[in-house]
Structure formats: structure tokens, C-alpha cells
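Predicted, not measured: the structure shown is a model, and the values here were computed from it. Convention: sequence-line order gives letters A, B, ...; per-chain numbering from 1.
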Amino acid sequence: MREFRPMPRYNPSTVEPKWQGFWSQNRTFATPKLPASDKLYVLDMFPYPSGAGLHVGHPEGYTATDIVCRFQRMRGKSVLHPMGFDSFGLPAEEYAIKSGVPPRESTEKNIATFTRQLKRLGFSYDWDRVLATTDVEYFRWTQWIFLQLYDTWYDKQSERGRPIAELPIPEEIKQAGDDAVRDYQDDHRLAYQHEAPVNWCPALGTVLANEEVKDGKSERGGHPVVRMPLRQWMLRITAYADRLERDLESLDWSYGIKKLQSDWIGRSTGADVDFFIGEGSRGDGPGDEGSLQSAFEDWKCGRASSGFPEKPGEDVLRIYTTRPDTLFGATYMVIAPEHPFVERLTTAEQSAAVTKYCEEAAHKSDLDRTQLAKKKTGVFTGSYAINPVNGEAIPIWIADYVLISYGTGAIMAVPAHDERDFEFAQVFELPVRSVYEVPIKAFHGTGEPSEDAKAESEQFYQWREEVYEGRACFSGEGKAIRSGKYDGIETPEFKKRIIEDVSSEGVGRGAVNYKLRDWLFSRQRFWGEPFPILHELDAEGKPTGRIRAVSESELPVNLPHLDDFKPHGRPEPPLDKAPEDWLYPVIDGVKYKRETNTMPQWAGSCWYYLRFIDPRNDKAFVDPEKERAWMPVDLYIGGAEHAVLHLLYARFWHKVLYDRGHVSTIEPFQKLVNQGMILGEVEMTGYQTESGDWVSAADVTEDDEKQPVHKKSGAALKSVKVENEDAEKSGENFVLKADQSIRLVSRAHKMSKSRGNVINPDDVIEEYGADALRLYEMFMGPLEATKPWSMQGVSGVKGFLDRAWRMIVETDAEQMQLNDAVNDIELNADQNRVLHRTIKAVTEDIESLSFNTAIARMMEFVNFFTKEEPRPKRAMEQFVLLLAPYAPHIAEEMWNVLGHSSSLAYETWPTHDEALIKEATIEIPVQINGKVKVTVNVASDADRAAMEAAARADEKVAGLLKNANVAKVIVVPNRLVNFVVKP
RNA sequence: GCCGAAGUGGCGGAAUUGGCAGACGCGCUGGAUUCAAAAUCCAGUUCUGGCAACAGAGUGUGGGUUCGAUUCCCACCUUCGGCACCA
């Protein structure tokens with residue numbers, strides 16, 4: 001065994017465990033139950049504890065938050081900085097199926113690994129608060145929140161969720177009996193069951209939320225997803241769409257993330273309009289208008305007095321449009337293949353074609369629908385509807401480009417002003433009628449238009465003509481034409497007026513729609529939270545359709561032991577195979593079957609930030625007093641991959657809890673920052689043919705599978721990694737040294753096992769130490785930027801820590817002792833200036849999360865002070881405090897060497913003195929016509945005249961100005977002098 | 001196609017109420033130290049021309065505003081990320 005003694009040389013492998021042990025033993029970062037001073041809640045997105053362990057992306061965000069926390073503690077704030085594990089989810093279960101290890105076992109093992117790795121990085125978490133979403137005592141409260149959702153309906157009047165007991169029951173429902181009342185309530189709960197076509201993934205054996213499906217494949221694993229009808233639990237997130245959108249405004253999030261969320265919610269405004277169809281399927285068309293037209297007149301009269309009904313009757317086709325101002329341009333209508341009116345509207349002669357089309361549409365997966373999106377398909381129903389604004393009968397078509405799940409599942413088609421309608425009209429040769437004047441494009445720039453501009457203008461007029469003739473589509477805004485009394489009105493005004501008019505006639509009304517759909521909340525998997533729901537069974541063991549919530553006192557509903565939880569490709573969940581005594585509880589003599597679906601992985605992460613405030617409470621999910629004291633989260637840092645789903649779901653749950661009086665803030669996360677991705681090391685890639693001949697990257701393109709192929713011949717090529725010394729730069733590009741005509745590609749790629757460029761943080765710590773890893777990840781570049789890894793960069797940062805160490809610690813001594821050059825002396829003016837400039841910059845940079853520049857300033861400090869001998873001890877102490885948030889282990893050790901016996905974690909953060917930063921004289925550039933000619937020294941408080949005089953006094957400037965005609969002199973105090981010289 | 005972010009030395013990046021472009025780090029070159037190496041220290045390092053002093057060019061491209069533009073305006077190109085028939 002190696003002899004242990006204090007090492008004069010900086011050795012992270014002894015310093016770091018020493019201080020990690022110290023913090024742990026002294027519970028240095030334990031947070032009081034209630035804040036003792038100004039509170040600060042800083043949160044990391046907790047990790048999924050995968051079997052692969054921590055990757056270098058994790059410490060990036062975690063170091064950023066840790067710096068802020070350590071800094072703010074030194075500034076006297078009460079800081080809550082917890083960590084936990086998002087441990088439910090598919091991978092543990094997939095692993096269990098392969099290996100036979102129960103998910104709880106592998107999950108606990110992974111959590112232990114993650115904990116060890118996180119502790120090795122020296123993060124100042126309050127480990128007393130650690131939690132995992134798979135802890136029974138945690139998901140007990142996840143289930144409890146589900147019950148809150150189940151017990152809540154959304155009151156549109158007051159715009160908030162209220163207890164289901166307060167739901168007003170209409171008289172006719174009351175009279176229909178208890179079952180009707182219960183059904184009515186169930187229809188209004190925020191958590192409800194619904195049978196609808198869902199995204200079923202046979203390979204994963206579960207349904208997926210819309211958000212988890214990309215290009216018709218599962219986000220996890222990339223397995224195909226098909227649509228099939230299933231009865232599922234849904235959460236009524238759409239009720240909160242408006243608030244989720246509106247409240248974004250109050251948040252300190254980047255514009256990009258807000259936009260992403262806002263686009264996902266997808267609020268649009270327009271109008272609902274009813275088109276009269278009479279009894280349907282009568283084929284009343286242009287040739288047979290009589291009966292439908294006269295019925296339409298009667299209907300319109302009726303509507304004028306009755307107004308616009310809440311629910312459309314059988315005699316109308318209700319559509320939603322964002323452009324009611326194009327009503328006069330509607331030349332046909334389209335309904336979705338799943339629309340309930342399909343059968344009614346189909347005439348006998350069209351019946352066969354319609355049935356065939358709808359069947360095909362039903363079997364298409366989302367993938368087929370999107371991939372075949374290139375060409376529009378559809379079929380005519382044979383029926384017509386009457387446009388309420390002009391009484392015109394127009395044909396009704398069926399097409400899958402209209403989605404049943406958005407708006408009313410039916411549209412009016414205005415091919416002249418909507419690209420999709422135009423495409424469809426082209427395919428089926430339907431009429432196109434433009435009702436807008438195409439505004440003349442304004443030309444940019446000044447003077448004569450160039451040849452290009454003239455050609456462009458020519459093209460524009462040609463296109464404009466095509467729009468008027470119905471051969472092109474214009475989706476912009478302008479002045480109305482062919483729109484009766486609305487002619488000449490600009491689009492926004494037209495919209496307003498026509499909505500008023502159709503409303504007063506009772507044929508339409510202003511309407512709002514969202515892209516956001518309700519959240520499909522159940523999964524057919526084992527490793528998730530069981531629903532606290534029971535289905536009542538009758539004497540024969542058949543479900544009666546009644547459901548019952550597990551009472552709060554019966555929570556948690558734990559997962560039963562299951563030997564086999566393998567999905568079988570059928571929609572029955574694995575929990576259906578649970579032991580009888582778990583599956584069939586009897587309450588008051590009534591037998592029930594438990595809900596066997598489980599919650600999706602998102603559930604646990606929707607509220608973990610609340611549990612951290614009071615993690616061991618067994619009476620409530622969080623104590624209200626503590627919740628009020630700590631919420632909201634002041635800073636939340638994590639990856640952009642959660643920009644939509646996790647953040648939207650968590651905000652939704654939070655708002656429901658707010659409405660029900662369980663939390664005190666309307667939003668959970670006040671400030672959000674997304675860390676950028678860390679890529680692998682930059683690689684130089686060249687391309688070779690099968691036979692090994694080089695091909696220039698300029699001649700390479702990608703095929704459909706993203707494999708490199710030769711641009712001209714299409715022959716498959718192989719990518720070859722080229723060493724840096726075999727490449728050189730030529731103009732804009734890198735080329736092969738041996739053959740300069742061969743261009744290479746220099747690029748950093750995402751870290752992936754298959755590419756073999758994954759950096760393991762444990763290895764980095766082994767070689768350079770945790771402080772170097774932390775410092776490097778912060779030094780790489782701006783927190784939010786995507787940046788490539790560089791091992792040489794880590795080594796460079798380690799070199800800085802070595803120099804800092806030598807600046808303070810005597811490396812020639814046998815014992816750990818202060819460097820002889822460090823003495824108790826006063827700082828001179830230069831030293832003060834450097835010290836105070838550093839304090840100022842580092843402080844401001846932490847506040848703006850600009851860690852890379854803060855580190856650069858500390859490097860400058862060390863570069864300066866290593867040259868100073870003797871070195872004032874006080875400056876060294878102040879520096880160590882500045883460094884501490886970034887590299888806490890080495891800072892604690894140096895603090896120790898500087899003669900302090902305890903941790904610096906709560907030492908007072910240094911402050912700067914502006915007066916000491918100011919220099920007596922400053923160097924300013926002197927320009928002539930904006931070009932710097934010389935620099936001159938002037939007093940830092942010199943006025944304009946003095947600066948100009950100093951500039952003119954310079955020999956070279958005087959020479960240059962001698963025979964020149966100085967038209968103007970621009971003097972910017974403290975900045976520069978510029979002589980404007982005319983020839 | 002739409003939306004968002006970004007294009008600065010050999011590389012990561014710095015500088016924006018418009019004011020000396022390239023801080024800091026890597027790499028590279030030369031030197032010191034060493035038997036030697038590692039480590040460390042010193043000097044240099046945007047490009048072009050020149051021994052040098054110096055001169056010219058330069059922040060994706062093209063234009064514009066200004067005494068002065070990496071920063072502001074217009075048009076475009078490229079890369080990355082997201083969304084994708086939402087009427």
C-alpha cells in the first residue's frame with residue numbers, strides 16, 4: 001500500500017475524496033426545513049438512472065447549478081439544491097425482460113452507481129432529500145395527485161379546476177337517475193377514460209402519447225406505431241391550453257423555448273361556421289338545387305331568430321376556419337374519413353368508392369399518412385352543402401388531409417388561398433376562385449432595380465395573373481374582391497366584420513382551437529405507477545362500467561410481485577397477470593378489479609420539485625408552509641429535449657394543484673435555462689471508394705439512408721477517419737496533405753456507442769480530477785451552446801489548477817505548507833486593480849451564467865500573481881473564494897493551507913471596490929477616417945479637449961494632419977479620438 | 001415547407017447602449033532547464049508581402065446606414081435543432 005501523507009503537489013485523487021468526506025460528515029449542505037434568509041431554489045432536471053451510468057452531458061448542467069448554489073450560499077442566501085432519480089420507465093423493464101433481473105433491483109443498482117458518480121463530482125446537494133420516483137413513499141403521492149385530477153373538473157366560466165362535487169348537474173341529467181349523473185361527472189373529470197384511436201406500438205407492447213411518436217415511429221426505439229381504437233385514461237390538458245399559453249409570458253425562459261411550447265399548444269383563432277346540408281345524401285347539386293335551396297332559406301330564417309346553437313344539429317356541417325374572410329372563395333368542402341356524417345352524406349352511387357376510401361384511411365398508420373403526404377387523395381360523397389354567406393351549393397368531399405381530431409373534422413376548402421386545398425383541387429380538377437387582390441410587392445433598396453430585380457418583378461406579375469385565373473395559390477392577406485359587400489376591405493378588418501355578421505345571423509361565431517390534444521396517460525407496461533382506480537364487477541365477474549377511486553387512506557397502491565411482465569403484443573397490460581388478491585379487492589362486499597394500466601414515465605417528473613421541499617412527509621405530498629416558503633423554483637437547468645413534454649406536463653399538473661389550493665404559485669419554474677449538447681471530439685473524415693481511392697467531399701452526397709454515395713455515379717462510399725496531421729487547410733476547406741484535391745469534412749458528432757466517441761466522466765476524473773472536469777465543462781463555451789469535447793482542453797484547465805496550486809502551496813516542501821512567496825503584506829495599486837477587476841468580473845459573470853468568461857478572468861489573475869513576489873496573502877484568500885464554486889475541492893484544500901480550519905462554503909463572498917479598479921492613465925486609439933494610426937496615453941479623467949490635444953501632440957498624428965483638411969474631430973471620452981479628413 | 005439558434009485565427013471561444021477584432025485556453029514554432037524525457041518557465045503565433053520598420057486585407061456572401069459596423073437595416077447562402085397536412 002502506498003504511504004499516505006500530505007502531498008505538496010496538487011493531487012486531486014487525495015484532495016477530492018477528503019473534502020467529499022468532510023462535506024458528507026459535517027452535513028455541510030443540509031438545508032433547513034424553512035429558509036433562514038432569502039431563499040433560492042435551484043433545480044437540476046433529475047436523471048433517468050440508466051445502466052450506462054452518468055455521461056458527460058449530466059455534469060454540464062449540474063456544475064452550472066452547483067456554481068450558482070455555492071456562490072449564493074456565500075452571499076448569504078438559503079439555498080435549496082436537491083437531487084433525485086426519475087427511475088420508472090421502459091429501459092429498466094426492457095433490461096428486465098432480457099436479463100431476468102427484476103426492474104426494482106436493476107433500478108436500485110443504477111441509482112447507487114449514479115449516486116456514487118454524482119458524489120465524486122462534489123456537487124453540493126442536500127443528500128438528505130434524495131428521492132426516486134420509484135420509491136413507494138414517493139409514488140404514493142403521485143397516485144394522490146392523480147386522484148386530485150380525477151376529482152377535478154374545469155369550470156370554463158371561472159377558468160379554473162374545481163372539485164367534481166361542485167359540478168352543476170343539468171336538470172334533465174338529474175332526472176335520468178344516478179347512473180346518468182355519474183356518467184355526466186365522469187365526462188367532465190380532468191382524468192377520464194376514453195375510447196379513441198391511439199398510437200399502439202406492438203414492439204413495445206404499449207400505447208404512446210402523440211408526443212412520443214415521431215414520423216410514425218416510437219421516439220424510444222424507433223418501432224413502428226399503428227393507430228387502433230382502445231379505451232385509455234386521458235388527462236384533460238386541453239382545458240388548460242389557454243392558461244398554459246398565456247402564463248408563458250410571466251416566465252424568464254428563452255424566447256425559443258417559449259415559442260416551442262406555444263407552437264405545441266398551437267392556439268389559433270377564427271370562426272365556426274355552419275353549412276346547411278338539409279337531410280343529407282340527396283345529391284342536391286347544381287343540377288337539382290330546388291329543394292335544398294328552399295330548405296336553406298327556411299333554415300337561415302330560423303337561425304336568424306334562434307341564434308347559433310352550442311352543438312350543431314343534423315342538418316348542418318360545422319366547420320372551423322382561421323380565414324372566415326375567404327368564405328366567398330369556398331368551392332368545395334372536405335370532411336375527415338372518420339367524420340360521423342360520412343354515411344349520411346354518401347349517395348348510393350358514391351357508396352362503394354367512399355367505403356373503400358375510408359377503409360384504406362383507417363388502416364393507414366401515421367407513418368403512411370405522412371409519407372404519402374406528397375399527393376392528396378380523396379373521394380366525392382355525392383352530396384352538397386350550402387355556403388351560408390352566398391347561398392351557393394358546393395360539393396362535399398372526403399379526404400385524409402383533414403384530421404378528425406382537430407377543429408370539427410370538417411373544413412370549407414378555399415383552393416385559391418390555401419396551399420393544401422389548392423393541391424387537392426388540382427388533383428380532382430375542382431374550381432378555384434380567388435377572392436383577394438394580390439398586393440404588389442414593395443422593392444427593397446434604392447435607385448434603379450437591377451436586372452435580377454426586373455426579372456423577379458416580371459415573374460411576380462405572371463404569378464399574380466395565375467392566381468386571378470385560378471392556376472396558382474395566394475395564402476397571404478390583402479384587399480377583398482368578389483366578396484359582395486366586403487369588397488375592398490383589408491383582411492384583418494374583413495375577419496372582424498364577417499365574424500360579427502355571421503354571428504348576428506346565427507350561422508357562425510368566433511372560435512378558438514388548439515393543436516394540443518388531451519394527454520394519453522395510460523401505458524400497458526409493468527414498471528410504472530399503478531392507477532389508484534378500481535373497476536366494479538357484477539356477480540358474474542363482469543365489469544359493470546362503474547369505477548371507484550381508491551381512497552386516500554388506502555394509498556399507496558404498490559406494484560405486485562410479477563414473475564412475467566413481458567409484453568405479448570396484445571393490449572392487455574402485464575398487470576392482468578397479477579396475483580388474485582392484488583387484482584381483485586373486495587370492498588363492502590363488492591368485488592372490484594384493479595386498473596391494470598400504469599402511468600407513463602412523465603408522471604413522476606411532473607411534481608418531484610415539490611416533493612424535494614418536504615421529502616419525508618407522510619401526511620401530505622408537501623407541507624403548505626414549506627411549499628409557500630420555497631416555491632417557485634428560481635432556476636431550473638436541463639436539456640432542451642424536455643422543452644416541450646416534461647415542462648408542459650409539469651406546468652399542467654402544477655396549475656391543477658394550484659386551482660385545488662395545494663400550491664401557492666401559478667407556475668413552477670420561474671427561470672429556465674437549457675444547456676447545450678456536448679458532442680464528441682472533432683473528427684476529420686474523408687471518403688473512399690470500395691477499392692480505396694479517395695473521393696473529394698465536394699463529390700459526395702447522401703442517399704436515402706444517409707449513407708455517403710458518389711454524387712455522379714451514385715456508388716457507395718466509405719467514410720474514413722483521417723488523422724489531423726494528414727490534413728491541412730486550403731482556403732475554406734480541409735484537404736488531404738498527400739492530395740490537395742481531396743476535400744475532407746471536419747465535424748464533431750453526437751456521442752454514441754456505435755461511433756465510439758463517448759467520453760466517460762469516471763475516466764476523466766481518474767486522470768484529471770473532478771475539479772478539472774467541472775472547470776472544463778464550464779470553460780468549453782456558453783452554457784446554452786452545442787460544443788465539441790476536447791481532451792486537450794481538459795488538460796489545459798488542469799494546468800490552470802496546477803498553477804493556481806503552486807501560486808499558493810509550497811511544492812518543494814515535504815509537508816503541506818504555504819508557498820514562501822505568500823506573505824501578510826498590503827496589496828500595491830496594480831495588485832489591487834487586478835484583484836478587484838477579477839472579483840467584479842467573476843461575480844457579474846456568475847450572475848449572468850457566463851461561466852466561461854469568469855474562468856478566463858481567474859486565469860488572468862493567476863497569470864498575473866504567479867509573477868508577483870512576494871504575494872499578498874489576502875489576495876490569495878480572495879482568489880480561493882472566487883474559485884470555490886467552480887473547483888470546490890482544491891479551493892477547500894488551499895483555504896486550509898492558507899490557515900483556515902473549517903470549510904469555506906459559508907465564507908463571505910468577496911466584493912470589489914470600483915475606486916481601486918480605476919487607472920490613472922488609459923491608452924486610447926487615435927483614428928484618421930476611422931482607421932487606427934497610433935495609441936496615446938491620456939489621464940483617465942481627461943475631457944474632450946485634453947484628449948484631442950493629446951492626440952494632436954503625437955508626432956505621427958501631427959505629421960499625418962500637417963497638410964490635411966480636418967473636417968471634423970470625434971472624441972469619445974475614455975474611448976477614442978477620430979479625425980475626419982477630407983481630401 | 002415552417003419555426004428557432006448559430007456562422008469570428010489551425011481549434012474551442014472573447015468582444016454588441018456601434019468605438020483598438022481575436023481576451024482566455026488548446027495547438028503550433030523557437031528558446032531555457034535536463035544525461036534524456038516528462039513536467040515547468042520564457043518568447044512568438046489572424047492572413048498576405050517584407051530581414052525589419054511597416055503596408056494592405058480581414059468577423060458566412062452581397063448591398064445599405066454611419067466619422068466609425070462582428071454589433072444596426074435589407075436580401076441571400078450554409079450548418080445545427082425542432083415541427084411537419086392543425087384548415
Side-chain angles (χ1 to χ4, degrees), chain A residues 9 214-215 254-260 262-264 266 268 270 319-323 326 334 369-370 373-374 376 399-403 405-408 410-414 417-421 423-424 444-446 450 452-453 513-517 640-641 643-644 676-677 679 682 724 727-729 732 734 746-748 776 779-782 784-797 799-800 802-803 806 811 850 852-860 863 866 923-935 967-970 972 974-981:
Chain A
R9 276 185 76 156
K214 279 187 176 172
D215 296 330
S254 75
Y255 171 77
I257 294 294
K258 285 190 189 183
K259 188 87 170 60
L260 225 52
S262 161
D263 285 352
W264 194 268
S268 77
I319 60 103
Y320 169 73
T321 177
T322 53
R323 291 293 299 271
T326 59
V334 185
R369 272 209 190 185
T370 44
K374 284 155 205 155
K376 294 271 185 289
D400 66 2
Y401 83 91
V402 171
L403 309 172
S405 51
Y406 184 78
T408 59
I411 63 156
M412 66 166 184
V414 186
H417 303 296
D418 182 283
E419 299 281 354
R420 298 150 302 187
D421 296 347
E423 267 176 51
F424 189 82
H444 300 288
T446 50
S450 65
D452 282 358
N513 259 300
Y514 302 93
K515 285 189 201 172
L516 186 71
R517 310 288 150 81
E641 67 272 21
V644 176
M677 205 194 319
L679 306 175
V682 176
N724 282 358
E728 63 182 356
K729 191 131 187 184
E732 292 284 278
F734 281 96
S746 165
R747 207 168 94 83
Y776 172 66
F779 188 58
M780 292 172 86
E784 292 180 78
T786 303
K787 5 177 216 282
W789 186 267
S790 156
M791 222 32 121
Q792 284 175 332
V794 183
S795 150
V797 157
F800 159 68
D802 283 328
R803 280 196 302 281
R806 288 195 301 270
T811 48
S850 177
N852 53 332
T853 50
I855 294 166
R857 297 292 91 82
M858 290 191 279
M859 286 172 168
E860 284 175 347
N863 290 345
T866 41
E923 197 177 62
I924 57 153
V926 179
Q927 302 179 334
I928 291 177
N929 287 345
K931 301 225 175 216
V932 179
K933 293 297 171 186
V934 293
T935 58
K968 202 169 162 190
V969 184
I970 289 158
V972 184
N974 279 310
R975 286 288 188 190
L976 54 46
V977 180
N978 184 18
F979 294 99
V980 183
V981 173

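With a 4.5 Å cut-off on side-chain heavy atoms, A:Phe779 and A:Met859 count as touching. Contact annotation: the side chain of A:Tyr255 never approaches that of A:Lys258 to less than 4.5 Å [non-hydrogen atoms, C-beta and beyond]. Between A:Ile411 and A:Asp418, every side-chain heavy-atom pair lies at or beyond the 4.5 Å cut-off. Side-chain contact between A:Met677 and A:Thr786: present, with at least one pair of heavy atoms (C-beta onward) separated by less than 4.5 Å. Between A:Thr326 and A:Met412, some side-chain heavy-atom pair lies under the 4.5 Å cut-off.
The side chain of A:Asp263 has B:C3 as its nearest neighbour among B:A87, B:C26, B:C3. In the set B:A39, B:C41, B:C3, B:A39 carries the atom at the smallest distance from any side-chain atom of A:Arg9.
Ring geometry for A:Phe424 versus A:Tyr401: interplanar angle of 30 to 60°, hence tilted.
Checking side-chain atoms of A:Lys787 against main-chain N and O of A:Pro782 turns up a donor-acceptor pair under 3.5 Å. Looking only at distances, no side-chain donor or acceptor of A:Asn513 sits under 3.5 Å from a matching main-chain atom of A:Ser268. A:Tyr776 contributes a side-chain N or O that, together with a main-chain N or O of A:Ser790, makes up a donor-acceptor pair within less than 3.5 Å.
Taking the C1' atoms as reference points, B:A14 lies 14 Å from B:U71, given to the whole Å. With both ends at atom P, the span from B:U33 to B:C28 equals 22 Å, rounded to whole Å. Separation of the C1' atoms belonging to B:G58 and B:U8 is 10 Å when rounded to the nearest angstrom. Remark: the separation of the C1' atoms in B:U59 and B:G9 is 10 Å, to the nearest Å. Spacing of P atoms, B:U70 relative to B:U61, comes out at 11 Å, to the nearest Å. Distance check on atom P: B:C85 versus B:G12 gives 37 Å, rounded to whole Å. Using atom P as the reference point in both B:C67 and B:C11, the two lie 36 Å apart (nearest Å). Annotation: B:C72 and B:C2 have their C1' atoms spaced 27 Å apart (nearest Å).
Counting to the nearest Å, the C1' atom of B:G56 and the NZ atom of A:Lys933 are 11 Å from each other. The nearest whole Å value for the distance from the CD atom in A:Glu419 to the C1' atom in B:C2 is 12 Å. Rounding to whole angstrom units, CE of residue A:Met412 and C1' of B:A87 are separated by 9 Å. Straight-line distance from the CD1 atom of A:Ile928 to the C1' atom of B:C67: 12 Å, rounded to whole Å. Summarising the geometry, the separation between OH on A:Tyr320 and P on B:C85 is reported as 17 Å, rounded to the nearest angstrom. The distance between atom CD1 of A:Ile257 and atom C1' of B:C83, rounded to the nearest whole Å, is 13 Å. The CZ atom of A:Phe800 sits 12 Å away from the P atom of B:C26 (whole-angstrom rounding). Between the P atom of B:C41 and the CZ atom of A:Arg803 lies a distance of 6 Å, rounded to the nearest Å.
Of the inter-residue distances, the one linking A:Ile970 atom CD1 with A:Arg975 atom CZ reads 15.0 Å to the nearest 0.5 angstrom. Atom CG of A:Asn978 sits about 7.0 Å away from atom CG of A:Asn929, to the nearest 0.5 Å.
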Using the side chain to side chain contact (heavy atoms under 4.5 Å, CB included) rule, take A:Val414 and A:Arg323 through it: C-alpha gap first, then chi angles, then the decisive distance, then the call.
CA-CA 9 Å; A:Val414 186; A:Arg323 291 293 299 271; over 6 Å; no
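Residue A:Asn863 has no polar side-chain atom (N or O) positioned under 4.0 Å from OP1 or OP2 of B:A23. In this model, the phosphate group of B:A87 is approached by a side-chain N or O of A:Tyr406 to a distance below 4.0 Å at OP1 or OP2.
As judged by a 4.0 angstrom heavy-atom cut-off over every strand, A:Ser795 is placed among residues making no nucleic acid contact. A:Asn513 comes within 4.0 angstrom of no nucleic acid atom, judged by non-hydrogen atoms across all strands. Among the heavy atoms of the strands lying under 4.0 Å from A:Lys259 are primed sugar atoms or P, OP1, OP2 only; no base atom is included. Counting any heavy atom pair closer than 4.0 Å across all strands shown, A:Gly796 reaches sugar-phosphate atoms only and no base atom. At a threshold of 4.0 angstrom between heavy atoms, the contacts of A:Tyr255 are confined to the sugar-phosphate backbone, with no base atom among them.
A donor-acceptor pair shorter than 3.5 Å can be found between the side chains of A:Ser405 and A:Arg517.
The pair A:Asp802-A:Arg806 does not meet the salt-bridge criterion, since no charged nitrogen lies less than 4.0 angstrom from a carboxylate oxygen.
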Could you write nucleotides 10-15 of chain B as a row of B, S and -, 5' to 3', where a protein heavy atom under 4.0 Å of any base atom gives B, of only sugar-phosphate atoms gives S, and otherwise -?
SSBSS-
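Residues passing the salt bridge (charged side-chain N to carboxylate O under 4.0 Å, His left out) test with A:Glu860 are A:Arg857, sequence neighbours excluded. Under the side chain to side chain contact (heavy atoms under 4.5 Å, CB included) criterion, A:Ser850 pairs with A:Asp845, A:Ser848, A:Asn852, A:Thr853, not counting sequence neighbours.
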Please list, pair by pair, any protein nitrogen or oxygen found under 3.5 Å from a nitrogen or oxygen in nucleotides 19-22 of chain B.
{"from": "B:G19", "atom 1": "N2", "to": "A:Gln927", "atom 2": "OE1", "distance (Å)": "3.3"}
{"from": "B:C20", "atom 1": "N4", "to": "A:Glu923", "atom 2": "O", "distance (Å)": "3.3"}

Show the distances under 3.5 angstrom between N or O atoms of the protein and N or O atoms of nucleotides 29-33 of chain B.
none

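B:G44 adopts an anti glycosidic conformation, its chi angle falling more than 90° from 0.
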Dot-bracket encoding per residue of RNA chain B, Watson-Crick/G-U cut-off under 3.5 Å, | denoting interstrand:
(((((((..(((......[....)))((((((.......))))))((((....))))..(((((..]....))))))))))))....
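Both A:Lys931 and A:Phe979 lie close to RNA chain B; mapped to their nearest nucleotides by heavy-atom distance, the more 5′-ward contact belongs to A:Lys931. If A:Leu260 and A:Met859 are placed on RNA chain B by their nearest nucleotide, the residue sitting closer to the 5' end is A:Met859.
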